[in-house]
Amino acid sequence: MKNEPCILWVGTNPGGGGTETHMITLCSALAEAGAEVHAFVHPQGKIAESLATSQVVLHYGKFRNSADVRGIFALGRLIQKIRPDWMVGSFSKEYWPLALLSRLHGCPLVLFRHMDLRLRPSTRWLLSRWPLRLFAISEYLRGRLIDQGIPPVRVEVLMNPIHLEDFYRDAQARQHFRQGLGVNDADFLVGFVGAWHRGKGVFLLADAIDAAHAQNPHVHGLWIGGGAHEDELRTRLANKPWHHLLGWKNPVMPWYSVMDVLALPSIEPDTFGRVCLEAQACGTPVMGADMGGISESFAAERSGLLLPANDTQEWREAILRLAADIALRQDLAAAGPGYAQRFAADVIARNFLAILLR
């Protein structure tokens with residue numbers, strides 16, 4: 001083995017979702033921790049774009065599916081060239097190619113699981129019996145994998161990392177953007193960041209904000225994102241000036257400081273609540289649904305409020321409670337950065353390397 005551990009992380013999905021963000025964050029943190037990190041990525045993807053200025057060495061290729069011969073041969077040549085100590089994968093379409101190449105080249109394999117999807121029989125067999133290390137990003141997801149037949153001893157949990165230095169309280173942005181929205185200091189701004197999708201609870205949140213606004217006209221909604229149900233949401237909130245629909249913002253970080261609370265009201269299971277973690281790092285309280293792994297992303301009653309999923313009345317009451325109780329908001333906000341510390345990318349990267357060396 002080399003003096004510095006060599007890791008080849010494979011992830012050729014071109015998108016920019018949670019799985020991609022996890023790979024970007026942990027790859028760069030591993031490189032900063034002293035590992036030699038190579039990434040086999042899509043040439044026009046978000047991962048390549050985000051890692052371009054990092055210490056990670058990029059190699060380009062793609063897997064259209066699990067039987068993509070061109071992708072398999074390209075990755076095989078790269079393995080022969082750099083001789084990694086470990087190979088890591090995150091996307092299910094790449095699991096089997098990585099497994100076969102790891103066996104062929106004698107390279108230990110690590111797989112991450114991010115999505116709460118039903119396992120195909122072949123994937124269940126692979127994750128249950130093939131020589132590999134399997135990590136879930138939350139205790140919730142570990143439990144779901146076990147429920148689907150993966151032996152408990154096979155599934156480990158590695159916390160979802162965040163570069164804390166990228167998230168902080170931005171008082172200047174708060175003042176500037178709130179002024180641009182026509183929101184003053186007396187107003188209470190409920191924020192949502194992510195996919196505008198029914199499963200994320202966007203319509204429930206819209207109804208809860210409307211009901212709270214009817215009782216307290218200082219309550220406003222701030223919507224950052226977009227997605228499958230964007231047109232329906234925009235139509236539903238048209239002619240309601242207390243809703244501010246901004247679409248996607250890059251970077252999103254300053255907008256956490258603009259909000260008075262970040263809401264994640266999912267009515268379908270999320271494996272984790274990364275936006276809750278980012279908001280807390282910026283000193284913004286959170287409200288999260290008791291659904292899936294969301295409860296693992298904040299400290300209930302310390303840095304945020306854990307609320308029943310799919311209960312508009314409970315969400316309305318929580319909004320009104322926070323709008324009226326400045327001291328409670330301040331206490332929740334003060335606890336957020338401390339909770340986020342346990343997800344610091346540098347700490348998790350060192351833990352990951354230590355686990356691999358056991």
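Looking only at distances, no side-chain donor or acceptor of Arg113 sits under 3.5 Å from a matching main-chain atom of Ala136. In this structure, Asn216 contributes its side chain and Ala212 its backbone to no donor-acceptor pair below 3.5 Å. His105 places no side-chain N or O within donor-acceptor distance of the main-chain N or O of Cys107, the cut-off being under 3.5 Å. At least one donor-acceptor pair under 3.5 Å links the side chain of Arg142 to the backbone N or O of Val155. A donor-acceptor contact shorter than 3.5 Å is absent between the side chain of Arg133 and the backbone of Pro108. A donor-acceptor contact shorter than 3.5 Å links the side chain of Arg154 to the backbone of Leu127. In this structure, the side chain of Ser54 engages the main chain of Leu51 through a donor-acceptor pair within 3.5 Å. His114 contributes no side-chain N or O that, together with a main-chain N or O of Thr19, makes up a donor-acceptor pair within less than 3.5 Å. Put simply, the side chain of Lys46 never gets that close to the backbone of Glu20: no donor and acceptor are under 3.5 Å apart. Under the 3.5 Å distance criterion, the side-chain polar atoms of Ser138 are matched with a main-chain donor or acceptor of Thr271.
The salt bridge (Lys or Arg N to Asp or Glu O under 4.0 Å) test applied to Asp270 returns Lys200, not counting sequence neighbours. Residues forming a side chain to side chain contact (heavy atoms under 4.5 Å, CB included) with Pro337 (at least two apart in sequence, or on another chain): none. Annotation: side chain to side chain contact (heavy atoms under 4.5 Å, CB included) contacts of Trp248 (sequence neighbours excluded): none. Residues passing the side chain to side chain contact (heavy atoms under 4.5 Å, CB included) test with Leu353 are Pro5, Ile7, Leu30, Ala33, Ala35, sequence neighbours excluded. In terms of the side chain to side chain contact (heavy atoms under 4.5 Å, CB included) criterion, residue partners of Pro14 (sequence neighbours excluded) are, by chain and number, His42. For Arg198, the salt bridge (Lys or Arg N to Asp or Glu O under 4.0 Å) criterion is met by Glu232, not counting sequence neighbours. The salt bridge (Lys or Arg N to Asp or Glu O under 4.0 Å) check on Glu230 picks up Arg234, with sequence neighbours excluded.
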Trace of the side chain to side chain donor-acceptor pair (under 3.5 Å) decision for His220 with His244: CA-CA 8 Å; His220 288 241; His244 311 272; 3.0 Å; yes
From CA spacing to verdict: side chain to side chain contact (heavy atoms under 4.5 Å, CB included), Phe40, Phe63: CA-CA 10 Å; Phe40 185 74; Phe63 280 92; 3.8 Å; yes
Audit row: Asp210, His243, side chain to side chain donor-acceptor pair (under 3.5 Å) steps and yes/no: CA-CA 9 Å; Asp210 286 345; His243 287 284; 2.7 Å; yes
Check against side chain to side chain donor-acceptor pair (under 3.5 Å), His38 and His59: CA-CA 7 Å; His38 297 257; His59 309 269; 2.8 Å; yes
Evaluation steps, side chain to side chain donor-acceptor pair (under 3.5 Å), between Trp96 and Thr123: CA-CA 8 Å; Trp96 267 107; Thr123 304; 5.0 Å; no
Under 3.5 Å, which donor-acceptor pairs do the side chains of residues 275-289 form with other protein atoms, sequence neighbours left out?
unit_1: Glu278; atom_1: OE1; unit_2: Tyr256; atom_2: OH; d: 2.6
unit_1: Glu278; atom_1: OE2; unit_2: Arg274; atom_2: NE; d: 3.3
unit_1: Gln280; atom_1: OE1; unit_2: Ser303; atom_2: OG; d: 2.6
unit_1: Gln280; atom_1: NE2; unit_2: Cys276; atom_2: O; d: 3.0
unit_1: Gln280; atom_1: NE2; unit_2: Ser297; atom_2: O; d: 2.6
unit_1: Thr284; atom_1: OG1; unit_2: Arg169; atom_2: NH1; d: 2.8
unit_1: Thr284; atom_1: OG1; unit_2: Tyr256; atom_2: O; d: 2.6

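Between Ile137 and Leu158 the shortest side-chain heavy-atom distance does not fall below 4.5 Å. The shortest distance between side-chain heavy atoms of Arg64 and Asp68 falls below 4.5 Å. With contacts defined as side-chain heavy-atom distances shorter than 4.5 Å, the pair Leu8/Val10 qualifies.
Rounding to the nearest 0.5 angstrom, the gap separating the CG atom in Leu109 from the CG atom in Leu98 is 6.0 Å. Here the CZ-CG distance, from Arg144 to Leu119, works out to 9.0 Å after rounding to the nearest 0.5 Å. Atom CG of Leu100 is separated from atom OH of Tyr95 by 15.0 Å, given to the nearest 0.5 angstrom. Note that the CG atom of Leu26 and the CZ atom of Phe135 stand 10.0 Å from one another [nearest 0.5 Å]. Atom CG in Leu246 sits 11.5 Å away from atom CH2 in Trp223 (nearest 0.5 Å). With values rounded to the nearest 0.5 angstrom, Ile162 atom CD1 is found 9.5 Å from Ile348 atom CD1.
Other residues sharing a hydrophobic cluster with Leu117 under the 4.5 Å side-chain heavy-atom criterion for ILVMFWY residues are Met115. Apart from Phe73 itself, the hydrophobic cluster it occupies contains Val69, where clustering links Ile, Leu, Val, Met, Phe, Trp and Tyr at side-chain heavy-atom distances under 4.5 Å. Taking a 4.5 Å side-chain heavy-atom cut-off between Ile, Leu, Val, Met, Phe, Trp and Tyr, the cluster of Leu320 contains only that residue.
Residue Ser50 is tested with Thr25, Ile24, Val41, Thr21 for a side chain to side chain contact (heavy atoms under 4.5 Å, CB included); the sole match is Ile24.
Atom CD of Gln80 has more than 12 neighbouring heavy atoms from other residues, nucleotides or ligands inside a 6.0 Å radius. Enclosure of atom CG in Asp231 is not indicated, since only 12 or fewer non-hydrogen atoms of other residues, nucleotides or ligands lie within 6.0 angstrom. Within 6.0 Å of CD in Gln179 there are 12 or fewer heavy atoms belonging to other residues, nucleotides or ligands. Heavy atoms of other residues, nucleotides or ligands lying less than 6.0 angstrom from CG of Leu104 number more than 12.
Closest heavy-atom contact between Val258 and Phe177: CG2-CB, 3.7 Å. Taking each heavy atom of Ala48 and Pro43 in turn, the nearest pair found is CB-O, 4.2 Å. Closest non-hydrogen pair, Leu75 versus Leu101, comes out as CD2-CD1, 3.6 Å. Contact between Trp9 and Ser90 at its shortest, heavy atoms only, is NE1-OG, 3.1 Å. The minimum heavy-atom distance linking Pro269 with Tyr140 is given by the pair CB-OH, 3.2 Å. The nearest pair of heavy atoms linking Asp170 to Pro254 is OD2-CB, 4.4 Å.
Checking Thr12 against Glu94 by side-chain atom types alone, a donor-acceptor pair falls below 3.5 Å.
A salt bridge does not link Asp147 to Arg118: none of the charged side-chain nitrogens sits closer than 4.0 Å to a carboxylate oxygen. The pair Arg174-Asp260 meets the salt-bridge criterion, with a side-chain N (NZ, NE, NH1 or NH2) lying under 4.0 Å from an Asp/Glu carboxylate O.
Pairs engaging residues 312-332 under the side-chain hydrogen bond (donor to acceptor under 3.5 Å, both in side chains) rule: Gln215-Arg316 [sequence neighbours left out].
Between Phe272 and Phe343, the angle of the ring planes lies from 30° to 60°, which puts this pair in the tilted group.
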